[in-house]
Amino acid sequence: MPQVNTVVSVFGIEPARIGGAEAYARELSVQLGERGWQSVLCFLKEPPDAVRSYLQLPNVRIEVIEDSWRTKWRAIIAVMRILRRYQPEILHLHFTGFIGPYPWLAKLCSVKQVVFTDHSSQPEGHVTRRAPFWKRRIARLINRPIGRVITVSEYGYRCAAGRDLFPAERLEMVYNSADLSRTSNRQERTGFRRTHAIPEHRKLVAQVSWIIPEKGIGDLLEAARLVVSKNPDVHFVFVGEGADRERYTRQSVEMGLEDHVTWTGQVEDPIGEGVFTAADIVCQVSRWEEVFGYVIAEAMSFGKPMVATRVGGIPELVEDGKTGFIVNRRDAAAIADRILTLAADRGLRERMGSAGLAVANARFDLKRNVERVVKSYGISAHEPAKSVCDSLASVV
């Protein structure tokens with residue numbers, strides 16, 4: 001069987017959209033392909049057709065590992081099967097939980113490198129404390145085969161270092177990112193609005209997220225009520241799906257906001273469908289301690305001002321008064337006040353949006369940040385290409 005160097009990436013998420021972690025997976029595959037490496041992407045379920053088409057490259061195989069984040073027996077067996085099938089040089093774990101069997105499983109399968117990226121956000125009000133001695137010893141034993149842990153923000157780095165479950169000298173921070181190349185393919189501003197019957201003359205406030213309490217949906221609805229009572233030419237759109245969408249939809253009607261709030265449901269390609277092009281203001285008003293905000297980086301890459309909460313790693317992305325506004329979590333009145341300020345001042349929106357774009361270009365460039373990860377694997381940029389396509393055919 002022809003062999004090719006391979007990275008197996010296990011993502012404990014459903015591949016639901018074009019963007020975020022899915023964009024990372026694609027860019028990783030692109031850069032591995034340029035170096036003659038194969039990329040095996042493992043998700044909780046099959047991607048929707050549009051997402052599969054986006055991820056599918058000549059050097060890519062897509063596999064399904066159900067419940068990989070729960071480390072059930074069927075997931076362990078599935079990981080073992082994939083490691084034996086592809087014989088990778090590198091196993092990279094994402095969204096799988098920090099303590100689990102996969103590192104030693106990789107070692108048993110002769111995988112040379114195991115890398116873990118810590119994407120974990122924390123509960124509201126979380127305070128990081130050093131773990132008890134016994135927990136530190138057990139965690140370090142279980143994770144001994146992991147060569148490096150990557151955190152996706154300085155906040156995430158502080159949490160990981162503070163718990164002391166992994167040697168600090170093997171921690172590294174690489175920001176999550178936005179695909180800046182896609183901003184050149186902007187949809188017309190009116191397209192998204194027409195699709196969802198949003199009046200063109202209204203200032204559009206967008207939040208792209210799971211529709212769950214932890215994302216501050218209730219707070220933004222209350223802010224919407226306050227905003228619309230003072231400026232009826234503002235419209236709110238919630239882009240995403242979640243267990244609480246029906247409840248929040250009913251709540252918006254009860255609040256008299258049915259003509260000023262739109263619920264799109266899941267949008268597989270927010271950038272491609274023109275969400276950020278159509279929006280005047282983008283919000284991320286989470287309650288829990290977000291380790292990073294993919295949507296913030298994406299919105300800033302489109303030059304949009306932000307209204308966000310002072311939680312987790314969000315203040316690393318949004319500079320209060322420069323690229324947007326930061327308010328305390330659950331403070332609907334403050335959210336409303338900042339939205340009203342931005343809605344009334346086009347010049348302010350443009351200045352903050354331009355500053356945000358500069359930050360996105362400098363810190364959240366997907367291509368540059370993924371290149372850091374690939375270099376950390378020890379893969380040379382000038383490594384001669386091997387027959388990836390032939391090797392893929394051999395494992396079908």
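- Glu298 has no carboxylate O lying under 4.0 Å from a charged side-chain N of Arg182, or vice versa, which leaves the two without a salt bridge.
- Note on Ile217 and Leu204: separate hydrophobic clusters, where clusters join Ile, Leu, Val, Met, Phe, Trp and Tyr whose side-chain heavy atoms are under 4.5 Å apart, directly or indirectly.
- With sequence neighbours left out, the side chain to side chain contact (heavy atoms under 4.5 Å, CB included) criterion links Ser177 to Leu366, Asn369.
- A side-chain donor from one of Ser286 and Gln284 sits under 3.5 Å from a side-chain acceptor of the other.
- Ring pair Phe11/Phe43 is parallel by interplanar angle, where below 30° counts as parallel and above 60° as perpendicular.
- Listed here is the closest heavy atom pair of Arg144 and Arg170: O-NH2, 3.7 Å.
- Using a 4.0 Å cut-off between charged nitrogen and carboxylate oxygen, Arg372 and Glu172 count as a salt-bridge pair.
- Here Ser120 pairs with Asp118, Gln122 under the side chain to side chain contact (heavy atoms under 4.5 Å, CB included) rule; sequence neighbours left out.
- Aromatic ring orientation, Tyr248 versus Trp263: parallel (interplanar angle below 30°, classes split at 30° and 60°).
- Tyr294 has its ring centre no less than 6.0 Å from the ring centre of Phe364.
- Lys72 and Glu66 are not joined by a salt bridge, as no carboxylate oxygen comes within less than 4.0 angstrom of a charged side-chain nitrogen.
- Ile198 and Leu257 fall into different hydrophobic clusters, where Ile, Leu, Val, Met, Phe, Trp and Tyr are joined by side-chain heavy atoms under 4.5 Å apart, directly or via other members.
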| Which is it for Phe325 and Met306 under the side-chain contact (heavy atoms from CB on, under 4.5 Å) test, yes or no, and what are the steps along the way? | CA-CA 6 Å; Phe325 291 115; Met306 294 297 310; over 6 Å; no

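- For the residue pair His94/Thr96, the side-chain donor-acceptor check at 3.5 Å is not satisfied.
- In this model, no donor atom of one side chain and acceptor atom of the other lie less than 3.5 Å apart for Thr128 and Arg158.
- Below 30°, between 30° and 60°, or above 60°: for Phe166 and Phe98 the angle between ring planes is above 60°, a perpendicular geometry.
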| said: Show, in sequence, the C-alpha distance, side-chain angles and deciding distance for Glu316 and Tyr175, and conclude whether the side-chain hydrogen bond (donor to acceptor under 3.5 Å, both in side chains) test is met. | reply: CA-CA 10 Å; Glu316 297 174 45; Tyr175 275 121; 2.7 Å; yes

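- Annotation: Arg310, atom CZ; neighbour count of heavy atoms from other residues, nucleotides and ligands within 6.0 Å is above 12.
- Between the side chains of Thr264 and His196, no donor N or O sits under 3.5 Å from an acceptor N or O.
- For the residue pair Tyr86 and Glu63, a side-chain donor N or O sits within less than 3.5 Å of a side-chain acceptor on the partner.
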| said: Please evaluate residues Arg26 and Val30 with respect to the criterion side-chain contact (heavy atoms from CB on, under 4.5 Å), reporting the C-alpha separation (whole Å), side-chain torsions for both, the decisive distance (0.1 Å), and the verdict. | reply: CA-CA 6 Å; Arg26 187 183 192 280; Val30 168; 3.8 Å; yes

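- Across Ile18 and Ala50, no two heavy atoms sit closer than the pair CD1-O, 3.9 Å.
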